[in-house]
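Atoms within a ligand are numbered from 1 in the order they appear, just like the ligands themselves. Not measured: the values here are computed from a predicted model. Numbers for residues simply follow the sequence, beginning at 1.
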Amino acid sequence: MGAQAVETRAAEIVLEVRGLTKVFGSGDAAFTAVDGIDLTVRRGELVIIMGPSGSGKTTLLTLIGSLLKPTSGTVHINGLDVTAMKESALPEVRRHSVGFIFQSYNLLESLTAVENVEVVLNLAGGGGRTDAVKAEQLLTDLGMGHRLHFKPRDLSGGEKQRVSVARGLANDPELILADEPTANLDSKHGPEIVLLLRAVAKELGRAAVVVSHDARIQELADRILWLEDGRFKDNPGLAVAPAEEKTTEV
Ligand SMILES: Nc1ncnc2c1ncn2[C@@H]1O[C@H](COP(=O)(O)OP(=O)(O)OP(=O)(O)O)[C@@H](O)[C@H]1O
Ligand SMILES: [Mg+2]
């Protein structure tokens, strides 16, 4: 029974990061951007990572998503050690298990919004009409039903961001990695996107790691982690800002 309990607990873990380190450059120019990070994220969890510019947030996400090779440390996704896998096996993991939402959108300029989402579904081995229907549904859920056939150049920053979110969610990934997904969105659409990521985590049993500077979405997180100089610190970022303190103290 004991063994079974351990097995069930282990199955809940979607992401397990141990001692993850990235050093850019070498010799005198060596710079440690991510410095021995440990992180465990379970099914149903939404974790937000905050921290100053240059603290290593994007580097950490790209390491977790195996877009970048760590200097040392391990990343397990659904129990699979992706840091030990051959380069040639990684695209398969990325297509099926990990959904990325980048701040830079990563949209294909020659394709419409709906085609940009469809192409992700096609790559994962879907096909034809079902992909089109699913892509339309996802975009409509994200409030983009009236922009399905627009090309990226005709979309606003916030609209492009929503297409990028739809791409990240298209394959029903176990693990969603989002780098500042609300940066170009207003006070209505920003929290909406994170609410959607939260619903995906809770209702579909996925795990989400979201990098954000956005104070509006903090309350939606199960955990907030503060990254500084490539390491997690106790949450100084959550303390009341001095300016706010002054106005409330008067
Ligand atoms: N390819 C690279 N070569 C050398 N240094 C790099 C490289 N990529 C990132 N860095 C450095 O690593 C540090 C962390 O960068 P990173 O992009 O992870 O920061 P960030 O926390 O995402 O910042 P921001 O909030 O501005 O997006 C920075 O000092 C950056 O200049
Ligand atoms: Mg960044």
Student: How far is atom 26 (O) of ligand 1 from the closest protein heavy atom, and which atom is that?
Tutor: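 Atom 26 (O) of ligand 1 sits closest to the protein heavy atom S53 OG, 2.6 Å.
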Student: Got the closest protein heavy atom to atom 23 (O) of ligand 1, with its distance?
Tutor: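 Here the closest protein heavy atom is G54 N, 2.8 Å.
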Student: Look only at the side chain of D35 and the backbone of R231, and say whether a donor-acceptor pair between them is shorter than 3.5 Å.
Tutor: no
Student: Identify the protein heavy atom lying closest to atom 6 (C) of ligand 1, giving its residue, its atom name and the separation to 0.1 Å.
Tutor: F24 CD1, 3.3 Å
Student: Would you name the heavy atoms of G168 and P173 that are closest together and state the gap between them?
Tutor: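 The answer is O-CG, 3.3 Å.
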Student: Tell me whether atom 31 (O) of ligand 1 lies less than 4.0 Å from at least one protein heavy-atom position.
Tutor: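 Under 4.0 Å from atom 31 (O) of ligand 1, zero protein heavy atoms found.
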Student: Can you name the nearest heavy-atom pair linking S187 to P191, along with the distance?
Tutor: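 So the minimum-distance heavy-atom pair works out to O-CD, 3.0 Å.
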Student: Under a heavy-atom criterion of less than 4.0 Å, does S55 contact ligand 1?
Tutor: yes
Student: Report whether any nitrogen, oxygen or sulfur of T58 sits less than 2.8 Å from the Mg ion (ligand 2) (N, O or S, backbone or side chain).
Tutor: yes
Student: Return the residue, atom name and 0.1 Å-rounded distance of the protein heavy atom closest to atom 29 (O) of ligand 1.
Tutor: F31 CE2, 3.6 Å
Student: Could you tell me whether the side chain of D81 and the main chain of T83 form a donor-acceptor pair under 3.5 Å?
Tutor: yes
Student: Could you check whether any heavy atom of K22 sits closer than 4.0 Å to an atom of ligand 1, since that is the contact criterion I want to use?
Tutor: no
Student: Give the residue and atom name of whichever protein heavy atom lies nearest to atom 25 (O) of ligand 1, and the separation in Å to one decimal.
Tutor: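 Nearest protein contact, heavy atoms only, for atom 25 (O) of ligand 1 is K57 NZ, 2.8 Å.
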Student: Among protein heavy atoms, which sits nearest to atom 27 (O) of ligand 1, and what does the distance come to when rounded to 0.1 Å?
Tutor: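 Atom 27 (O) of ligand 1 sits closest to the protein heavy atom T58 OG1, 3.9 Å.
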Student: If the threshold is 4.0 Å, N to carboxylate O, is there a salt bridge linking E12 and R43?
Tutor: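 Looking at R43 together with E12, the answer is no, because their closest N to O distance does not fall below 4.0 Å.
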Student: When you measure from the heavy atoms of G25 to every atom of ligand 1, does any distance fall below 4.0 Å?
Tutor: no
Student: Could you list the atoms of ligand 1 found under 4.0 angstrom from a heavy atom of A33?
Tutor: 12 (O)
Student: Examine the side chains of T40 and R18 and answer whether a donor and an acceptor come within less than 3.5 Å of each other.
Tutor: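 Yes, side-chain donor-acceptor contact under 3.5 Å.
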Student: Can you check which of L61, T62, T59 brings a heavy atom nearest to atom 15 (O) of ligand 1?
Tutor: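 Checking each option, the heavy atom nearest atom 15 (O) of ligand 1 is found in T59.
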Student: Main chain of A113, side chain of K151: is a donor-acceptor contact present, judged purely on distance under 3.5 Å?
Tutor: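 Here the side-chain-to-backbone pair does not exist.
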Student: Would you please determine whether P52 falls within less than 4.0 Å of ligand 1 on a heavy-atom basis?
Tutor: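 Judged by the 4.0 Å heavy-atom criterion, P52 does count as contacting ligand 1.
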Student: I'd like to know if K202 pairs up with D222 as an ion pair, taking the criterion as any Lys NZ or Arg NE/NH1/NH2 lying under 4.0 Å from an Asp or Glu carboxylate oxygen.
Tutor: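 A salt bridge is present here (some side-chain N lies under 4.0 Å from a carboxylate O).
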Student: Keeping D154 on the side-chain end and F150 on the backbone end, is there a donor-acceptor pair under 3.5 Å?
Tutor: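 No; judged by distance alone, with no hydrogens or angles, the pair does not exist.
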Student: Can you check whether a protein heavy atom sits less than 4.0 angstrom from atom 13 (C) of ligand 1?
Tutor: yes
Student: Please determine whether a side-chain nitrogen of the Lys or Arg among R42 and E45 lies less than 4.0 Å from a carboxylate oxygen of the Asp or Glu.
Tutor: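 Salt bridge between R42 and E45, a charged N being under 4.0 Å from a carboxylate O: no.
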Student: Answer yes or no: does an N/O atom from G51 fall short of 3.5 Å to an N/O atom of ligand 1?
Tutor: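 For ligand 1, there is no N or O atom that lies under 3.5 Å from one belonging to G51.
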